[in-house]
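Note sheet for the following structure.
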Amino acid sequence: MLQVNFLKNNKELVLNRFKVRGLDAAETVGKVLEMDDQRKALQSKLDNTQAEINSASKEVGKLFAQGKQEEANGIKARVAELKETQKAVNNELAELKPALQDLLLTLPNVPHESVPPGNTDEDNEVFKAWHTDLPTLDDSAQPHWELAKKYDIIDFELGVKITGAGFPVFKGKGAQLKRALINFFLNEARDAGYQEIMPPLLVNEASAFATGQLPDKEGQMYHVTAQNFFLIPTAEVPVTNIYRDVIVKEADFPIKLTGHTPCFRVEAGSYGAHVRGLNRVHQFDKVEIVQIVHPEKSYETLQTMVKHIEGLLIKLELPYRILRLCGGDLGFTSALTFDFEVYSAAQKRWLEVSSVSNFETFQSNRMKLRFKNENKKTVLAHTLNGSALALARIVASLLENHQTADGITIPKALQPYTMFDKIS
RNA sequence: GGAGAAAUGGCAGAGUGGUCGAAUGCACUAGUCUUGAAAACUAGCGUCCGUUCACGCGGACCGGGGGUUCGAAUCCCUCUUUCUCCGCCA
């Protein structure tokens with residue numbers, strides 16, 4: 001959620017930046033500013049009325065103490081009038097404030113100046129290309145869903161029986177590979193200074209709102225209606241919410257958290273070849289990294305997070321590239337996002353395996369995550385997060401890229417975790 | 001699931017209708033003292049909104065919401081959470 005004052009002071013800048021998203025928000029922003037002026041006028045009126053009531057009430061107390069009942073009753077009558085005014089103004093405010101809030105919530109984050117304009121993923125900028133030729137496999141190469149069946153490590157049909165489509169069952173070495181990857185990713189994050197968190201997998205409305213899943217993406221989360229909980233679509237939600245309504249000390253920066261959780265996503269309306277196998281599932285495991293930092297440091301931090309994720313892909317010996325998302329592909333809450341894609345020679349296409357974003361104050365404003373700066377002013381912090389990494393698609397990439405005639409080779413860095421060097 | 005008790009500032013903990021944004025202690029910050037530190041002493045020390053160049057001023061907030069009253073931390077209703085006991089249970 002954007003801050004009204006920021007909008008007010010940077011109206012032209014904001015409107016221009018929105019254009020890279022293909023968004024013309026002039027009308028909405030104008031309306032927001034207008035409503036905020038109304039809000040302030042009403043607030044002042046309310047405060048002044050309240051001040052009068054307060055001083056009159058004190059007067060009444062004094063007069064009673066002095067036994068001047070008649071005078072006191074006169075003031076009481078005036079207070080009754082003031083209360084009518086107060087009630088009317090209050091009602092107006094009670095209508096205006098949520099309306100203003102709702103309107104403000106329709107505005108996405110302001111894209112960073114480096115975000116290229118564009119409408120679709122074809123307009124994304126290749127920030128870092130793969131450094132050599134893309135790998136090729138011979139004609140016998142198989143996509144991961146075939147390999148999974150061949151080695152009996154992932155059973156998609158069994159998942160359909162137990163739950164439904166998009167809930168694969170990992171078996172034997174498939175399950176072990178997954179567990180190894182989780183440990184590998186968590187240890188790498190720990191070594192990079194991230195504190196490990198095991199959060200709840202269900203969150204309440206306030207938490208889902210704070211990180212921006214509500215109201216924008218309500219349909220994408222599984223909703224436990226009886227208790228009004230949501231199954232988390234990413235660890236970002238519970239982990240970042242640790243700091244909801246918290247004023248941290250500047251000396252605590254940077255706050256670095258990591259966590260592994262299953263992630264649940266409805267992913268409605270997705271069918272066809274591109275969502276086969278592990279390409280898109282309703283439940284997958286992910287290790288997330290989250291940072292809460294000083295506003296001046298957030299872009300520097302974003303680069304270190306990019307480096308961290310890149311390091312993981314290198315250790316897993318996967319061909320990757322890094323994209324800078326264009327305005328049209330940029331998430332609602334993000335100011336700048338880098339996507340990581342791994343090339344699958346078997347599917348002959350790039351698969352998104354990670355996304356790392358700087359939200360600047362968009363999330364912290366919603367969740368009131370602040371710190372005291374050197375002037376003892378309370379200021380919003382910046383939040384960032386990234387997948388490091390998402391399991392399902394990494395498993396797919398590993399199977400496809402490391403397949404050989406006599407089995408799947410496990411990358412060296414992962415072998416201490418899997419305790420085997422081949423799936424055959 | 002049943003019965004009872006409670007919720008006040010970073011923490012502990014007073015306050016039961018007006019002078020209470022709230023005593024006191026601890027913690028924290030600054031200063032005095034000291035070669036330095038500790039101790040002692042002095043002062044400061046919540047969040048949000050509005051207004052102001054600023055000092056400041058006005059308003060809201062004592063778990064959330066609503067009510068009674070001229071006036072509510074204090075009385076009433078309701079919700080939530082926590083604790084104790086009983087039951088059930090991984």
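Lettering of chains follows the sequences in order, A, B, ..., and the numbering in each one begins at 1.
Within 4.0 Å of A:N73, counting heavy atoms only, lies no atom of the nucleic acid at all. Contacts of A:K58 with the nucleic acid, taken as non-hydrogen atoms under 4.0 Å apart, are absent.
Taking atom CD1 on A:I247 and atom P on B:C11, their separation rounds to 12 Å, with Å as the unit. Taking atom NZ of A:K97 as the reference point, atom C1' of B:G59 lies 11 Å away to the nearest angstrom. Rounded to a whole Å, the NZ atom of A:K45 is 18 Å from the P atom of B:A60. Straight-line distance from the CZ atom of A:F229 to the C1' atom of B:U80: 12 Å, rounded to whole Å. Per the geometry, NZ belonging to A:K83 stands 15 Å off P belonging to B:G59, to the nearest Å. As rounded to whole Å, 11 Å separates atom P of B:C61 from atom CG of A:L46. Remark: P of B:C28 and CG of A:D252 are 15 Å apart, rounded to the nearest angstrom. As a whole-Å value, the separation of A:N48 CG from B:U52 C1' is 14 Å.
Annotation: B:A60 and B:C53 have their C1' atoms spaced 26 Å apart (nearest Å). B:G31 and B:U82 are spaced 43 Å apart, taking the P atom of each and rounding to whole Å. Remark: the separation of the C1' atoms in B:C76 and B:C83 is 25 Å, to the nearest Å. Nucleotides B:G2 and B:A12 are separated by 33 Å at their C1' atoms, to the nearest Å. Distance check on atom C1': B:G21 versus B:G58 gives 15 Å, rounded to whole Å. Taking atom P in both B:C49 and B:G44, one finds a spacing of 25 Å when rounded to whole Å. For the P atoms, the distance linking B:A73 with B:C62 amounts to 7 Å, nearest Å. With both ends at atom C1', the span from B:C33 to B:U42 equals 11 Å, rounded to whole Å.
Using Watson-Crick or G-U wobble geometry with both donor-acceptor distances under 3.5 Å, B:C57 finds its partner in B:G50. Nucleotide B:U80: paired with B:A7 (Watson-Crick or G-U wobble, both distances less than 3.5 Å). B:G36 is unpaired under the Watson-Crick or G-U wobble criterion, no partner having all donor-acceptor distances under 3.5 Å. In a base pair of the Watson-Crick type (N1 to N3 plus N6-O4 or O6-N4) or a G-U wobble (N1-O2 and O6-N3), with each distance short of 3.5 Å, B:U24 is matched with B:A12. Base-pair partner of B:G1: B:C86 (Watson-Crick or G-U wobble, both distances under 3.5 Å). Under the Watson-Crick or G-U wobble criterion, with both distances below 3.5 Å, B:C45 is left unpaired in every strand shown. For B:G18, the paired base is B:C70 (Watson-Crick or G-U wobble, both distances below 3.5 Å).
Distances shorter than 4.0 Å separate some side-chain N or O of A:Q50 from OP1 or OP2 on B:A60.
You'll find that the side chain of A:A51 is closest to B:G59, out of B:G59, B:U51, B:C70. Nearest nucleotide to the A:N54 side chain, out of B:C70, B:A60, B:G58: B:A60. The side chain of A:V79 has B:C70 as its nearest neighbour among B:C70, B:C49, B:G58. Residue A:K40 has its side chain nearest to B:U51 when only B:C70, B:A60, B:U51 are considered. Taking only side-chain atoms of A:S44, from C-beta outward, the nucleotide of B:G18, B:C48, B:G50 with the closest atom is B:G50.
Taking 4.0 Å as the cut-off between side-chain N and carboxylate O, A:E310 and A:K307 count as a salt-bridged pair. One finds no salt bridge joining A:D252 and A:K249 here, because no Lys/Arg side-chain nitrogen approaches an Asp/Glu carboxylate oxygen to under 4.0 Å. We find that A:K315 and A:E188 are joined by a salt bridge, their nearest charged nitrogen and carboxylate oxygen being less than 4.0 Å apart. In this structure, A:D285 pairs ionically with A:K178, as a charged nitrogen and a carboxylate oxygen lie closer than 4.0 Å.
A:H112 and A:Y299 have their aromatic ring centers within a separation under 6.0 angstrom. Taking the six-membered ring wherever Trp is involved, the centroid distance between the rings of A:F230 and A:Y222 does not fall below 6.0 Å.
Annotation: of the two residues near RNA chain B, A:R370 and A:S55, the 5′-most nearest-nucleotide partner is A:R370. Nucleotides of RNA chain B nearest to A:A56 and A:G61 differ in position, and the one nearer the 5' end is that of A:G61.
A donor and an acceptor atom sit less than 3.5 Å apart, one in the side chain of A:D47 and one in the base of B:G58.
With a 4.5 Å cut-off on side-chain heavy atoms, A:K171 and A:D152 count as touching.
With no hydrogens or angles considered, a side-chain donor-acceptor pair links A:Q363 and A:E236 at under 3.5 Å.
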